[in-house]
Enquirer: 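One structure, as structure tokens, below. Some questions next.
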Amino acid sequence: MQLIDAEGQNRGVVSINEALILAEDAGMDLVEISPNQTPPVCKITDLGKMKYANQKKAAEARKKQKTIEIKEIKMRPNIDTHDYEVKMKAVRRFFDEGDKVKLTLRFRGREMAHMELGMKLLNRVREEVAEIAKVEAEPKLEGRQMMMVLAPR
């Protein structure tokens with residue numbers, strides 16, 4: 001096996017017994033680094049410290065990653081202008097935070113006869129956020145709801 005000692009020096013090809021003796025003399029463990037190579041590479045190191053360092057690296061990587069959430073905004077087809085502006089402000093804030101937005105339009109009663117109003121509203125939203133977001137799921141009707149999903153650019 002190829003052996004790397006505690007200081008990081010390459011000792012060359014060494015027998016397993018000799019490597020174990022060297023590790024025991026140093027008061028450390030013999031750890032197999034890459035078993036798939038020929039000859040396999042082993043290193044004399046403190047296994048506890050190595051595991052601890054790997055845990056720290058994994059925790060740091062988890063801390064840095066951002067989970068993307070899907071925020072939902074519910075509207076009605078005959079929404080008033082001020083209410084619309086408030087909802088759009090929330091949509092922009094969600095995009096700034098890096099989240100996706102699911103716009104849900106709920107139709108009630110006779111509003112079902114005027115689906116074009118809902119389509120017009122969703123197209124208006126799409127045009128307003130075109131420079132900061134892209135459409136991930138086109139508007140589609142599911143029962144009494146019309147939905148569209150937007151993702152930040």
Side-chain angles (χ1 to χ4, degrees), residues 1-10 13 16 19 23 28-153:
M1 76 173 68
Q2 186 81 19
L3 181 68
I4 299 170
D5 64 10
E7 288 83 42
Q9 301 295 320
N10 190 348
V13 179
I16 295 174
M28 296 185 171
D29 304 308
L30 184 67
V31 180
E32 193 172 27
I33 302 295
S34 53
N36 297 334
Q37 289 186 329
T38 49
V41 179
C42 291
K43 184 174 183 180
I44 296 174
T45 184
D46 187 358
L47 187 62
K49 281 185 182 177
M50 193 170 129
K51 281 184 178 179
Y52 179 75
N54 288 343
Q55 276 181 329
K56 281 293 196 187
K57 275 186 198 172
E60 193 65 33
R62 277 195 306 272
K63 194 185 292 183
K64 287 183 183 175
Q65 77 183 126
K66 167 86 170 91
T67 55
I68 297 176
E69 295 181 29
I70 297 182
K71 304 285 189 168
E72 186 173 19
I73 297 284
K74 292 185 179 180
M75 294 184 185
R76 295 281 307 278
N78 56 350
I79 190 169
D80 195 46
T81 53
H82 181 263
D83 296 336
Y84 176 79
E85 292 302 321
V86 170
K87 300 274 187 185
M88 289 308 293
K89 191 185 287 186
V91 167
R92 287 189 189 91
R93 190 180 72 240
F94 292 151
F95 286 141
D96 290 341
E97 294 169 4
D99 296 324
K100 293 181 182 180
V101 175
K102 176 180 174 183
L103 283 161
T104 305
L105 230 65
R106 171 163 274 154
F107 295 94
R108 283 180 162 170
R110 292 186 183 158
E111 292 172 352
M112 289 296 289
H114 299 287
M115 293 291 175
E116 71 278 356
L117 293 175
M119 210 50 197
K120 199 182 294 183
L121 180 64
L122 288 179
N123 286 331
R124 181 176 157 198
V125 171
R126 178 192 302 182
E127 289 167 14
E128 280 191 32
V129 296
E131 65 277 351
I132 59 172
K134 60 181 180 285
V135 178
E136 198 166 82
E138 291 293 326
K140 65 175 180 258
L141 188 69
E142 291 180 3
R144 292 188 162 272
Q145 292 185 3
M146 192 177 281
M147 286 186 272
M148 175 170 75
V149 179
L150 301 167
R153 284 196 189 270

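Below, each value reflects all heavy atoms present in this structure, side chains not excepted, and no hydrogens, waters or symmetry copies. Note that the coordinates shown come from a computational prediction; the quantities given were computed from them, not determined experimentally.
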Enquirer: Please assess E60 against K56 for the test salt bridge (Lys or Arg N to Asp or Glu O under 4.0 Å), listing each intermediate value before the final yes or no.
Expert: CA-CA 6 Å; E60 193 65 33; K56 281 293 196 187; over 6 Å; no

Enquirer: Are the side chain of D5 and the backbone N or O of E7 linked by a donor-acceptor pair below 3.5 Å?
Expert: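 Flag set: sc D5 to bb E7 pair under 3.5 Å.
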
Enquirer: Any side-chain donor paired with an acceptor under 3.5 Å for T104 and Q145?
Expert: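 The answer is no; no qualifying pair exists.
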
Enquirer: Judged by atom type as modelled, is there a donor-acceptor pair below 3.5 Å linking the side chain of D29 to the main-chain atoms of L47?
Expert: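 At least one qualifying donor-acceptor pair exists.
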
Enquirer: Evaluate the criterion salt bridge (Lys or Arg N to Asp or Glu O under 4.0 Å) for residue pair K140 and E138; output intermediate values, then yes/no.
Expert: CA-CA 6 Å; K140 65 175 180 258; E138 291 293 326; over 6 Å; no

Enquirer: Tell me whether K89 is salt-bridged to E85, with the criterion being a basic N under 4.0 Å from an acidic carboxylate O.
Expert: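 A salt bridge is absent here (no side-chain N lies under 4.0 Å from a carboxylate O).
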
Enquirer: Does the K87 side chain pair with the main chain of K74, one donor and one acceptor, at a distance under 3.5 Å?
Expert: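 Pair found, side chain donor or acceptor close to backbone of K74.
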
Enquirer: Which residue pairs pass the salt bridge (charged side-chain N to carboxylate O under 4.0 Å, His left out) test when at least one of the two sits in residues 104-116, sequence neighbours left out?
Expert: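 Matches after skipping sequence neighbours: R76-E111.
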
Enquirer: Return the NZ to CE distance between K43 and M1, rounded to the nearest 0.5 Å.
Expert: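 The CE atom of M1 is 15.0 Å from NZ of K43, to the nearest 0.5 Å.
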
Enquirer: To the closest 0.5 Å, what do you measure between CG (L141) and CE (M115)?
Expert: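 If we round to the nearest 0.5 Å, L141:CG and M115:CE are 4.5 Å apart.
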
Enquirer: Just how far is it from atom CG of L150 to atom CZ of F95, taken to the nearest 0.5 Å?
Expert: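 Nearest 0.5 Å value for the CG-CZ distance: 4.5 Å.
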
Enquirer: Using modelled atom types only, decide if a donor and an acceptor are shared between the side chain of R153 and the backbone of A130 within a distance under 3.5 Å.
Expert: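 Checked: pair present.
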
